[in-house]
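Written out below as structure tokens is the structure these notes cover.
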Amino acid sequence: MLSYTINLGCMNLLESKSKILFIVSGLVLFIIAVYRASTLSMTHDESSSILRLLHENNFTHLFSDKEWLTANNHWLNTLSFQIFYQVFGMNELALRMGSVLMMPIYTYAIYFIFKKMDVDFYIQILGVGLLMTNAILLDYFSLARGYAMSITFMLTAICFALKYLENQDNKILLGFAVSLLLSTMSIFSNIIFFFVFSGALGIILLRSKKLTKSFFIILLGVFVLMVILTYIPLQTLSKAEEFKWGTNTLMESFQSYFTSFVHHQKYLFSPDVLIGIFMTIILMAVVSSFMHFFQNSNTLKEQFFIFIGLSFTIFMFGMIFAKIVLKANYPIDRKCLIYLPFIGLLITLYADLYLNKSLKIILGILIGGFLIVHSYHSINKNSTWEWWYDTYTKELVAELENRTSDAPLKVNSHWMFHPTLDFYNHFFYKDKLILSPYSKDLTVDESIDYYIIFKGDFEPFKEKYEIISEQLNSQVLIKKK
């Protein structure tokens, strides 16, 4: 009785500390996401999507091949900014609200997994560092793009898979399938994860002789719906070679992931050494998950560990197959952050299963604490990783608007700034500026009063124009002399 009371007290203490950890970290990251979503200049891709799609019928687009010349319509995100615009009007936070609201769901999903798996508190600190504090991940939750939704619904699908391993309830399986559908509707290329996670789950159920007809019926039904909704967009985007954006080798893809993770910070080890360390740990974790598979391990924690290891392996072979057969490229830059749930969960579960208490404390405090501190130094409240060039476009448009008198100003820009310049001019300043059409050819036109360009492009303009404003990202505003 005394032993039971002590164990119960320890469990309650662990759960309390865990709740505090996730409430504090989740709240801090949510506040950061709200602040950045409210203050960051709109980015190139956001502006392009909103200018083209804000008042369009997003549902009919799914069945029109003319609407999918680029992959810039992240469908569920588009639906989100259309709805929140109608509710809150035209402001940056409203347009980005769909992504911002994913942050609490994402945080709870990680908490749910760790609680269900009874992960050691110090390993939870490590997990928070790996799964929640990536600086580019915070870009996802601060911008009106589909990445936050895609990775959040991917994680909720993993949560439903965990629940289904514990209890083969058809409602749970439906939640699993619908989560994967929502992830796919956020980023169409995420359709691969329907096969990845369903395959891994099916293999584990087959191994434990729990595979049922309802498993196939429910997944097939949701998959048919997924095909109906995504067939035309996927086919059209594939013909336009939109899915070939990436890198040629899997190693370069992982290097891109870890480079974004380090985020320009310099530490004791070189980036290549850090990549080597992480890749070794990931490989050990995957091998360990397969050892559990062949040893017929049946505890929920071991089965879930096997599920993550199997999913990661199927995903890797799927990408290799797509590269060889379909000539697709591996993800790079912001897209390679799709590895994050796999890597974070593999490392935390591996550490929790195999390390003794002393090593868990050391790893949690030193590595987990380091990752959290690293995130603090990596997060830029004024800029994003991928769209750094638009950091000051909002300010420059405001400066141009202040310079407008009775006669409207004629303005042009480098093509990278043009969508955001057009966005603010159209929605915030009612087209007070006469903006030249979008073009990737930047030429000197003396009828233009102002240009927004990179400083490196100023040479052809210096005879007729002068720099009146220069930003830290080499963005300059030039005026006709």
Side-chain angles (χ1 to χ4, degrees), residues 28-51 70-74 77-78 80-81 91-103 106 131-152 186-187 245-246 256-265 331-340 374-398 413-424 427-428 452 454 471-476:
V28 169
L29 294 175
F30 179 70
I31 291 171
I32 292 172
V34 170
Y35 174 80
R36 296 177 85 234
S38 304
T39 59
L40 287 175
S41 171
M42 297 300 287
T43 63
H44 179 108
D45 288 11
E46 290 178 293
S47 300
S48 297
S49 297
I50 294 165
L51 282 164
T70 73
N72 209 28
N73 182 359
H74 295 172
N77 169 71
T78 299
S80 169
F81 67 63
N91 62 81
E92 289 96 336
L93 179 59
L95 297 171
R96 293 162 167 167
M97 187 65 73
S99 294
V100 171
L101 293 179
M102 290 296 107
M103 186 80 240
Y106 182 86
L131 289 161
M132 293 177 61
T133 63
N134 186 297
I136 300 182
L137 181 70
L138 293 179
D139 283 353
Y140 278 14
F141 293 106
S142 305
L143 301 176
R145 308 298 296 139
Y147 302 109
M149 296 178 183
S150 71
I151 200 169
T152 298
S186 304
I187 300 288
W245 185 78
S256 178
Y257 170 80
F258 288 109
T259 298
S260 67
F261 193 85
V262 173
H263 207 79
H264 300 307
Q265 302 296 316
I332 194 171
D333 297 333
R334 64 183 182 274
K335 294 188 177 182
C336 66
L337 213 64
I338 204 67
Y339 299 139
L340 187 142
H374 163 72
S375 175
Y376 172 78
H377 289 292
S378 299
I379 297 170
N380 188 330
K381 69 179 187 297
N382 299 316
S383 182
T384 65
W385 168 269
E386 187 98 5
W387 298 278
W388 54 270
Y389 49 85
D390 264 326
T391 301
Y392 301 100
T393 305
K394 176 181 179 179
E395 295 179 19
L396 293 177
V397 178
S413 73
H414 189 282
W415 68 269
M416 294 175 78
F417 309 132
H418 194 281
T420 304
L421 172 58
D422 193 7
F423 169 85
Y424 282 108
F427 290 115
F428 282 64
I452 300 176
F454 287 111
Q471 308 300 329
L472 294 175
N473 63 347
S474 296
Q475 198 176 16
V476 295

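In this chain, residues are counted from 1 in sequence order.
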At what distance, to the nearest 0.5 angstrom, does [atom1] of [X] lie from [atom2] of [Y]?
| X | Y | atom1 | atom2 | value |
| --- | --- | --- | --- | --- |
| L137 | L340 | CG | CG | 6.0 Å |
| M149 | T152 | CE | OG1 | 9.0 Å |
| T78 | N73 | OG1 | CG | 3.5 Å |
| S99 | H74 | OG | NE2 | 10.0 Å |
| E46 | S48 | CD | OG | 10.0 Å |
| N134 | Y257 | CG | OH | 6.0 Å |

key: Worked check of side-chain hydrogen bond (donor to acceptor under 3.5 Å, both in side chains) between D390 and T43   = CA-CA 6 Å; D390 264 326; T43 63; 5.7 Å; no

ask   = For I338, what residues pass the side-chain contact (heavy atoms from CB on, under 4.5 Å) criterion, not counting sequence neighbours?
value = M154, N190, F193, F315

So which heavy atom on [X] is nearest to which on [Y], and how close?
| X | Y | answer |
| --- | --- | --- |
| T391 | S41 | O-CB, 3.6 Å |
| L29 | M132 | CD1-O, 3.4 Å |
| A94 | N91 | N-OD1, 2.8 Å |
| N72 | S49 | O-OG, 2.9 Å |

State which residues pass salt bridge (Lys or Arg N to Asp or Glu O under 4.0 Å) with [X]; sequence neighbours excluded, sorted by chain then number.
| X | answer |
| --- | --- |
| D45 | R334 |
| R145 | none |
| K394 | E92 |

message = For F417 and F454, take the angle between the two ring planes, folded into 0 to 90°, and tell me which bin it lands in: parallel under 30, tilted 30 to 60, perpendicular over 60.
response =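 Geometry flag for F454 against F417: tilted rings.
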
message = Using side-chain heavy atoms (C-beta onward) and a distance below 4.5 Å, is K381 in contact with T39?
response = no

Heavy-atom side-chain proximity of Y392 to N382 below 4.5 angstrom = no

message = For Y140, give me all partners under ring-ring contact (aromatic ring centres under 6.0 Å, His included), at least two apart in sequence or on another chain.
response = Y147

query = Got a sec, which residues hit ring-ring contact (aromatic ring centres under 6.0 Å, His included) with F423, two or more places apart in sequence or on another chain?
reply =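 Expected list: F427, F428.
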
Residue pair T393 / Q475, side-chain donor-acceptor N/O under 3.5 Å =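 Yes - a donor-acceptor pair under 3.5 Å links their side chains.
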
ask   = Going by atom types alone, do S47 and T420 pair a side-chain donor with an acceptor below 3.5 Å?
value =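 T420 and S47 do have a side-chain donor-acceptor pair below 3.5 Å.
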
